[in-house]
Amino acid sequence: MPTPKAALSPLAVLAVLAVTGPARAEGELNALVWCDHTDPALIEPFETANNVKVNLKEYEGTAAGMAILEQSRPGDWDVLVIDAVDVHRAVEAGRLAPLDPASLPQADLFPELVMAENNQVGGKTYAITEKFGYNTISYDRTKVDPADMEDWAALTSGKYDGRIGIYDYYLPVLGLVAVGQGMKTSDINAATLPALRDPLMKLRAAAKQVSDVVASQTALATGEVDIIVGGGEWLTAVLAADNPNLDWTIPRQGGLRWAQSIGVVQGAAHPDLALKFVQYILSPEGQARLATSSCYWGMPTNTRAGDVLTAEQKAVLRWDQQPDYLKRAQLYPIPDAATDQAMQDLWTEMLNQ
Amino acid sequence: MKPLAWAYLALAYVFIFLPVAVLVVFSFQDGRLPVPPLQGLSLRWYEKVLSDGDLMTALGHSALVAVISSALALTLGFLAAHALARVHLPGSAVMRGLLIAPMTVSYLIIALGLLALFSQTGVRLSLWTAGIGHVVINLPLCFAISFAAMGDHQQAAERAARDLGASEAQVLWHVSAPMLAPALAAAFFLSVTFSWDEFIIAFLLTRFDVTLPVEIWSMLKSGLSPATNAVGSLVFLVSVTLVVILELTTFRKGRA
Amino acid sequence: MTADVTILHVSQHYAATTALDDVSLTVAAGEFVVLLGPSGCGKTTLLNLIGGFAEPSAGQILIGGRDMAGVAPAARPTTTVFQDYALFPHMTLAENVAFGLRMRGMGRDERRARAQEMLALVGLPGGDDRRPHELSGGQRQRVALARALAVWPDVLLLDEPLGALDLKLRRAMQDELKAIQRRVGTTFIHVTHDQEEAMAIADRIVVMNQGRIADLGPPRDVYLQPKTLFSAEFMGEINKIPVHAGHSPLGASVPGTGMLCIRPEAIGPTGSLPLGPARLLDAAFFGTHVRARYAPLARPDWVLTVHLPQTARPEPDSVAELYAQSYVLLET
Amino acid sequence: MATLAARERRLGWGLIAPALVWTAAFFLLPFAAMLALSFAHMEGRAIVSGLSLDNYARALGDPTMLKALVNSLEITAIVTLVSVLLAWPLAATIAWTIPPRLQRLALLLAVLPFWTSYVVRSYSWLLVLGKNGVLNKALIGAGLLGEPLQLASTRSATVIGFVHFFVMLLTLTIYANLVQLSPNYARAAADLGASRLRVLWHVILPLTLPGILTGAFLTFVLCIGDYITPQILGGNTELTLPQLIMLQLQRSGNFPLASALSVVLMAVVTLAYAAVARWIRLDRL
């Protein structure tokens, strides 16, 4: 009679899966990253040098990354790339392990990008800033008046209705809406959020689409839209070779500075290898490759990457304008859990208009 | 009436083939974007795709999951159908309903349910967990097709085989399965197709070892590119070849 | 290769209906028994119980002295030739015939030889690479027979095996079936609703009606000396004359009370029992005999059916004295 | 000693058990897990299990969520209706106008694009419908259009993508239904004096209705639960329920709310099934 054995089989499958999972080979590094880290040109040199396999899973937006960690088991992840402003959040959730600052090239970073108040908690360093750039306005300069792009108000003036795309990440874009209203991103909280609602909906009404990193690039490149709100060098630089008409600017009211940090996950199966990976990413070579990754470009935080990058690459990255930009850009909003939820709900409501 | 019918037919075929035609044409685009104008013909995107290790790995994963999950779904479905057709069991209507039920549930919900179960029981996501999901969606299909195919003719032969001393396993292997072969082949083939092409379950229940649709999805997320067209065209070419071969062999014979 | 079958007080109930009602029967080893009756009489149910396709609600079935309770069809020393033959369409004739042997783990060569032997037995030598759909109905029937006999059953069960054949073929197969049974010596239990077929092949006929045995005995006895009115009527055409205390409206005098049953061919111008004068209503030539219908003068509303010799040419409206040569008085 | 009937039943249970246990373990149990999760709530960013109805209150009360449900229902209704209306004449044309020996070929052709990858099929519509896509270029080139049509990232694009897929599916099911009909029905009706239209309306249509309903129900289930097509073609505009579920799951990590929304989605499908269950036989597909 096959009954008892057969009856157990699916549960047995489950049990076996639960106990063993797919065998995690020695020398496999699991990293939860933004899409720029998935460029083979960045990863392969590390894999070859250390004879390991790097498994990458990409995500967009801290909440999405935290959700993935929430659904994982301890030891599933070794490396986490996260918005610098959200390092605290990850540390509070127990997701990041402390790092030895001495093992990292802190001294070589642009001073503004050390971001100790973000990367440290209780005096301990949990992450290091690896790449940064700006969320502002990207546009096709043959199709819009570049002068208009210096003022956030131009976007909702009616002139560009149906020609605007919005980058689908609530934190920077809500921050930009705040900046456009003359508000500081750090002032966004549950009480001030309602004030952003109307300007956000007005922007949405003028927009044709709300899309992720690559869809935004594509839309701009194919002329689907002429302006991307939330764009910046990360969006246009990668397309510079194909479409030299794409440009970006920080309007006079200001823009946002994004910065991503990298750290080792708490309880990582391979903490030493994970640290090695972090060190590789922060090395001048790693920094140069990360800066010019196929998914999106962005400024390296390690100044010594400047020796590795070519002059053309530095021009596209606007290496020399950084002092001015850094002055005019604010950091991402850092909402508490309730405000974060409210911001997401507002965002979802905006999507569904 | 006739000219109208032919005109409708022509329009319908244009509608049906338009996206595929565009897909194939722009897979030869000699430029970065698969949108007009056609800048020239090139095979470079095919080269790129065929030398893409991740893509080929995903293709292997898809084939593996499709074949194994379909074989399992067919086995389970066929045995269950055989039981219900052969033995009068109490509550058989309820059981039939239960086995068919997943067919009325969206794949997304099945995927979410399994994700909830797996994350609560600490099962690590992998190709196997996606495979489990694919068995869940294909089991009702295999069961329904097997059950519908069972008739008096083959049940009489099963009875004769039993009378001649065959054990139940021998009856299934030597008589039922060969006699129902066309239906079972159709069920298996449909299952393989569904599993091969399934996205949301594979997307939510795998981590690194993804299947082809998930890999194509991430290609798509990494930008509009003729490479995606090339992958799509290749998948189309392979599937159509397979369909035509099956059409000319198995199913034509099965209908005779 | 052969065994007796004993059926003891077997009943079979399905929900509200009774398919078999306290049936007892003994079949001797090597005997050819035919279960005969109209559809729904319980004959197929009985066959299924012997074959193990169902189990009786009550009673016992013994084969070769062994109680068959709880024994699956495969484990019984019986095999069945099914009404629709149930040949395996995806196997060749030889594979069909060898199937049971294969299930018993017999080697390929050995079972191939046995299959050839069995096919030869049923008159299908050679051509064993054909598949069932290439055969005629009669040939399929032979294959089914060979397949069932190949595994040396003690008892062969035949469920209306000739039902699907046309009349001519059926008569030919009857003779062969009988001959094959003689040769193999296996006990045959054969179900049919065709009384001519039953008489042609049976050593003994079991007439069944409404779940009970209505009559049983050699064909001659069942035909000529039926024990029940049902059996008398089922075995062939019969004239029925009510008799009360030795008297009937035709003046015939047989001691007792009941129904006087006379076969049409047992009536003629001579005989032991006078039936009085009757007027010819009509007559038709049937090849082997002339079928005439008479109305007795004593009861002109009755009709007596009479089989006259082939050569007879009765005059229309003529009156004749009729006599019965053999008869039976059955209780009603 | 077990009776034969009991042994048969045990065998039957043995044969059906693997499928039942599989379905219980990987369909019912997951659904129960999801249901349990739908009553949990978020505390900060952590999931706290409990018996809260908040998620349902939001799923059915929050205008954004409700709008997604309405969007889903509207899109699904339009898609189902349009697909049936387009597929029926196509199936009928193939069954009645094309010579019998070519019918199978015609049918195979009509469903051939079915075999492209599902994700790629939606994507290829993007190439057709984009602002600089093939359709706009062709229409503008032909002088039929001055300004490009805004099709991509709209509901129309989602509907077109869906209809394309389901026309193929429905053509198959309706065709299968039509060729099973004895031509004598139509002949008898015509013989009795019915016009062609009336034959169609009073005889053929009612006879194919079960097939149409089964196909329409499948369309409904597959359409309302699909994430890919609205996500690729509709963009993040006019969210459908599956998009909203994925947003909650992937972006917010709000698995409880995603679960509640899924339960709502399932309830909608179940209601739809209950409405048509009388006429369709899923186990006789």
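Below, chain A is the first sequence line, B the second, and so on; all start at residue 1. The structure displayed is predicted, hence computed values, not measured ones.
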Region of [X] in contact with chain D, defined by heavy-atom distances below 4.5 Å:
X	answer
B/Tyr13	side chain
B/Leu98	both
B/Leu11	neither
B/Leu172	side chain
B/Phe26	side chain
B/Ile109	both
B/Pro140	neither
B/Leu72	side chain
B/Leu204	side chain
B/Leu112	both

Nearest 0.5 Å, what's the [atom1]-[atom2] distance between [X] and [Y]?
X	Y	atom1	atom2	answer
D/Ser117	B/Phe199	OG	CZ	10.0 Å
B/Leu9	D/Thr93	CG	OG1	6.0 Å
B/Ser106	D/Ile224	OG	CD1	7.5 Å

Structural part of [X] lying under 4.5 Å from a heavy atom of chain B:
X	value
D/Met168	side chain
D/Leu90	both
D/Leu109	both
D/Ala106	both
D/Ile160	both
D/Tyr118	both
D/Leu261	neither

Inset, instruction - Please name all residues satisfying salt bridge (Lys or Arg N to Asp or Glu O under 4.0 Å) with B/Arg162, sequence neighbours left out, ordered by chain then number. - result: B/Glu158, B/Glu168
Which one of [options] has the most heavy-atom pairs closer than 4.5 Å to chain D?
options	answer
B/Gly97, B/Pro213, B/Pro34	B/Pro34
B/Gly77, B/Ser239, B/Ser119, B/Pro19	B/Pro19
B/Leu79, B/Val22, B/Leu23, B/Leu89	B/Leu89
B/Ala81, B/Pro102, B/Pro90, B/Ser233	B/Pro102
B/Asp197, B/Val235, B/Val87, B/Val20	B/Asp197

Inset, instruction - Under the side-chain contact (heavy atoms from CB on, under 4.5 Å) rule, what do B/Leu108 and D/Leu241 come out as? Steps first, then yes or no, please. - result: CA-CA 11 Å; B/Leu108 174 62; D/Leu241 206 45; over 6 Å; no
Chain B: which of [options] shares the most heavy-atom pairs with it under 4.5 Å?
options	value
D/Val269, D/Thr171, D/Leu20	D/Leu20
D/Pro89, D/Gly133, D/Pro242	D/Pro89
D/Ala258, D/Ser259, D/Ala110, D/Ser262	D/Ala110

Do [X] and [Y] make a side-chain contact, defined as non-hydrogen atoms from C-beta onward lying under 4.5 Å apart?
X	Y	result
D/Phe26	B/Val135	no
B/Arg86	D/Glu8	yes
B/Leu117	D/Phe31	no
B/Leu115	D/Leu249	yes
D/Arg121	B/Phe236	no
B/Ile200	D/Asp226	no

Inset, instruction - With side-chain contact (heavy atoms from CB on, under 4.5 Å) as the test, would you mind laying out the steps for B/Tyr8 and D/Leu86 before giving the verdict? - result: CA-CA 10 Å; B/Tyr8 184 77; D/Leu86 290 180; 3.7 Å; yes
Is it the case that the side chain of [X] and the backbone of [Y] share a donor-acceptor pair, with hydrogens and angles ignored and the cut-off at 3.5 Å?
X	Y	result
D/His164	B/Ile16	yes
B/Tyr107	D/Leu222	no
D/Tyr123	B/Ile216	no

Inset, instruction - Would you mind telling me which of D/Leu108, D/Thr116, D/Leu112 makes a side-chain contact (heavy atoms from CB on, under 4.5 Å) with B/Val240? - result: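 Answer after filtering D/Leu108, D/Thr116, D/Leu112: D/Leu112.
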Inset, instruction - Assert yes or no for the condition that the ring centre distance of B/Phe189 to D/Trp115 is strictly below 6.0 Å. - result: yes
Legend entry - Proximity of B/Phe15 and D/Trp125 rings by center, below 6.0 Å: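 Yes.
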Write down the atom of [X], the atom of [Y], and the distance for their closest heavy-atom approach.
X	Y	value
B/Met103	D/Val221	O-CG1, 4.1 Å
B/Ala101	D/Phe27	CB-CE2, 3.9 Å
D/Ile16	B/Met95	CD1-SD, 3.8 Å
D/Phe255	B/Ala116	CZ-N, 3.7 Å
D/Thr97	B/Ala5	OG1-CB, 3.7 Å

Inset, instruction - Applying side-chain contact (heavy atoms from CB on, under 4.5 Å), run through B/Val136 and D/Thr23 and close with a yes or a no. - result: CA-CA 7 Å; B/Val136 172; D/Thr23 306; over 6 Å; no
Inset, instruction - Dump the intermediate steps for side-chain contact (heavy atoms from CB on, under 4.5 Å) on B/Leu220 and D/Val120, then the final yes or no. - result: CA-CA 9 Å; B/Leu220 207 58; D/Val120 170; over 6 Å; no
Legend entry - With sequence neighbours excluded, residues passing side chain to side chain donor-acceptor pair (under 3.5 Å) with D/Gln248: none
